Structure formats: structure tokens, C-alpha cells
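Heavy atoms only: backbone and side chains are in, while hydrogens, waters and symmetry mates are out. All of these numbers come straight from a predicted model, not from anything done at the bench.
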Amino acid sequence: MQMSNRAWAELILLSLLWGASFLAIAIALRDIGVVSAVAHRVSWAAAILWAVVLIRRIPVPRDPKTWIALLVMGLLNNVVPFGLITWGQVYIESGLAGILNASTAIFGALAASLLLPDERLTPLRALGVGVGFAGVLLTIGPAALSGLDPRALGQIAVLGAAVSYALAAVWAKRRLFGLAPEMAAAGMLTGSSMIAVPAALMVDGVPRLDLAVSTWMAIAYYAVFATAGAYLLYYRVLALAGSANLMLVTLIIPPIAILLGWLVLDETLPPTAGIGLATIALGLLILDGRVLQRFGLK
């Protein structure tokens with residue numbers, strides 16, 4: 001599916017919002033547990049989106065099947081990936097988490113080609129995905145690649161989150177059509193909260209209020225902007241660009257996560273980052289296809 005300029009603009013904004021979320025998670029984990037971090041994220045975001053639904057007087061679905069679909073979406077797109085990424089960031093850098101999360105684009109394209117009839121994986125798109133992911137690997141650099149083993153579980157967790165995101169995109173296209181974006185996001189996050197909040201109470205106990213200011217700021221960012229605001233964009237981009245193109249957001253996230261991790265957390269930026277980022281950009285251009293069309297290559 002060809003992406004419009006509007007779709008690209010919204011996809012890039014979504015990338016910026018989610019790219020900074022890795023930094024916010026790393027900061028929050030200094031003061032709260034993994035499950036509590038997820039519960040804060042989904043519950044506050046759900047409350048904000050319900051306010052939007054009520055203010056705009058958006059119809060609330062009454063069909064039980066819709067609510068079941070929203071619960072599954074919340075599990076696939078929030079609880080599982082948020083939990084795995086947050087847990088993974090206990091053991092790996094925020095920038096590396098962003099890089100590994102970029103595999104969502106690959107899993108997403110493959111899942112869409114297998115499960116959605118209108119998302120065929122053409123040879124050109126396959127090339128674009130491969131080039132983009134090669135750029136992600138170059139961004140990590142040989143030294144980092146040689147040190148994956150000690151942190152293997154954390155990395156596997158982030159890759160598991162990427163698979164869950166990919167399946168969520170397909171589920172949304174097949175099961176959640178016809179809902180207003182605000183209602184879909186609010187319903188999904190409500191389902192997530194029904195799982196995450198009781199889990200946080202069981203694992204971490206009653207939420208603490210004596211958190212550091214930086215912790216509250218991190219929670220506020222990833223709940224308000226990187227979740228509530230971002231999911232309003234998520235459904236818009238899904239409608240404009242299709243599930244496979246939506247996965248491109250995870251190829252733009254890594255350089256953002258790496259840069260913020262380097263600036264704020266003093267994480268080491270791999271020496272091959274410049275080459276890696278250029279390769280990621282090339283992959284995006286191949287996937288987009290418009291530049292290739294101008295040169296008569298498509």
C-alpha cells in the first residue's frame with residue numbers, strides 16, 4: 001500500500017513519541033517495579049482516553065464480541081509487549097531495546113503477508129525490510145553484537161514484544177474495524193488495565209506515592225504522550241497506511257532511542273551508528289517506493 005505524505009508525517013510523529021518512551025521507562029525503573037511501570041502506563045492512559053470519549057460523546061460499543069476483541073488487543077498491543085520491553089530494559093540499554101524492537105517491521109510484514117490478503121510481501125518490500133533491518137544491525141555495531149549472550153534473556157524479551165506488536169496490528173485490522181479511534185484506544189487500554197493493575201498489586205503491592213520527581217515525570221510522559229496520545233495516532237496511521245507500513249515506525253525509533261539514551265543516560269553510541277542510520281533510511285525509501293518511482297526503478 002502506497003503511503004501518503006500525511007501518513008508519513010503521522011508515522012514519524014508516532015516514532016518520536018515511542019522512541020522517547022524507552023528513555024522514560026529506563027528512568028521509571030530506577031524507582032518502581034516492572035509490573036507497576038506497565039500498570040501506571042495503561043491505567044492513566046485509559047483514564048485520559050475515556051475523558052476524550054466522554055467529551056466528544058463518542059458512541060460506546062455494547063456488543064460483547066467487540067469488548068472481547070478489545071481485551072485481546074490490549075493483551076497483544078499493551079500488556080505483553082510493554083511487560084516484555086520493560087523487563088528487558090532491566091538488563092539492556094534503552095537504545096539497544098529500541099534497536100531490537102525494530103524487528104517489529106520484519107515480523108509485521110511477514111504476519112501481514114500471511115494473514116491479510118491485501119498486504120502482499122512483494123520482492124521490493126522484502127528488500128526494503130531486509131535493508132532496514134541490516135541498518136539496525138549496523139547501528140548496534142560488531143562490538144555490541146559480540147556481547148549479546150550475557151544479556152540474551154533481555155534481548156529475547158524485546159524480540160518477543162516485537163512479535164506481539166506484529167500480531168496486534170493484524171488483529172486490529174481484522175477485528176476492530178468500524179470503531180472510532182478514540183473509543184478503540186480507550187477500550188484496548190481498559191482491557192490492558194484489567195490485567196495489569198491486579199497483576200501489579202499482586203507482584204509489587206500497593207503503589208507508592210513517594211516517588212522521585214523524575215519518576216513521576218517519566219510515568220507522565222509514557223502514559224500521557226507515548227500511550228494515550230500515541231494510540232490515537234496508531235489507529236489513524238493503521239487506517240491510512242495499512243498494518244505492514246505501520247510497522248515501519250519501529251525502524252525510525254532506534255536512532256531516537258539511541259540518541260536519547262546517549263544524551264541522558266550516558267549510554268555508549270556505537271561507532272557504526274552513522275552508517276546504520278543511513279542504511280535504515282535507505283530501507284525506508286525502498287519500502288516507500290516513491291523515490292524509486294521518480295527514477296523509474298519501480
Side-chain angles (χ1 to χ4, degrees), residues 10 14 17-18 21 24-25 28 32-87 104 160-161 163-209 216 218-239 243 246 249:
E10 295 188 0
L14 185 60
L17 292 173
W18 276 338
S21 70
I25 290 169
I32 60 177
V34 170
V35 186
S36 290
V38 176
H40 274 296
R41 183 172 189 174
V42 297
S43 59
W44 290 115
I48 292 169
L49 288 171
W50 272 111
V52 173
V53 169
L54 294 175
I55 291 171
R56 297 184 181 179
R57 298 182 179 180
I58 296 170
V60 177
R62 299 181 181 276
D63 181 8
K65 290 183 179 180
T66 299
W67 284 104
I68 292 173
L70 287 167
L71 179 63
V72 173
M73 186 65 180
L75 184 67
L76 291 175
N77 208 51
N78 297 146
V79 177
V80 171
F82 289 176
L84 290 174
I85 290 172
T86 304
W87 184 84
T104 302
V163 174
S164 191
Y165 278 137
L167 295 175
V170 173
W171 179 264
K173 187 162 186 179
R174 297 189 65 173
R175 302 289 184 178
L176 293 180
F177 48 86
L179 284 178
E182 300 90 343
M183 184 61 248
M188 173 183 67
L189 287 163
T190 299
S192 304
S193 301
M194 292 171 61
I195 300 170
V197 171
L201 291 172
M202 291 176 61
V203 175
D204 297 328
V206 178
R208 291 171 47 209
L209 299 178
W216 282 119
I219 291 171
Y221 174 78
Y222 68 58
V224 177
F225 297 101
T227 306
Y231 279 129
L232 295 179
L233 278 177
Y234 174 89
Y235 284 102
R236 287 172 59 87
V237 177
L238 181 65
S243 59
L246 182 58
V249 72

Exam field: side chain Ser164 to backbone Ala161, donor-acceptor pair closer than 3.5 Å: no
Closest heavy-atom pair and its distance - Ala28, Ala218: N-CB, 4.1 Å
Considering all heavy atoms, the nearest Val35-Ala199 contact: CG1-C, 3.6 Å
Gap separating the OH atom of Tyr165 from the CG atom of Asn78, nearest 0.5 angstrom: 7.5 Å
Minimum-distance pair of heavy atoms, taken over all atoms of Trp67 and Gly187: CZ3-CA, 3.8 Å
CZ (Arg174) with more than 12 external heavy atoms under 6.0 Å: no
Side chains of Tyr231 and Leu17 in contact at under 4.5 Å (non-hydrogen atoms): no
Heavy-atom side-chain proximity of Met188 to Leu49 below 4.5 angstrom: no
Criterion side chain to side chain contact (heavy atoms under 4.5 Å, CB included) on Ile85 and Phe82, from CA distance to verdict: CA-CA 5 Å; Ile85 290 172; Phe82 289 176; 5.6 Å; no
Closest contact, heavy atoms only, Tyr222 versus Ala24: CD2-CB, 3.8 Å
Any Ile195 side-chain heavy atom under 4.5 Å of Leu71 side chain: yes
4.5 Å side-chain heavy-atom contact, Trp50 and Glu182: no
Minimal non-hydrogen separation, Thr86 against Ala37, with atom names: CG2-CB, 4.1 Å
Gap separating the CG atom of Leu70 from the CG atom of Leu179, nearest 0.5 angstrom: 6.0 Å
From Ile68 atom CD1 to Arg175 atom CZ, the distance as rounded to the nearest 0.5 Å: 10.5 Å
More than 12 heavy atoms from other groups under 6.0 Å of CH2 on Trp44: no
Side chain proximity check, Ile48 to Val224, heavy atoms < 4.5 angstrom: yes
Closest contact, heavy atoms only, Ala39 versus Ala196: CB-O, 3.8 Å
Any donor-acceptor N/O pair, Ser43 side chain to Ser193 backbone, under 3.5 Å: no
Distance, nearest 0.5 Å, that separates CG of Leu167 from CG of Leu76: 6.5 Å
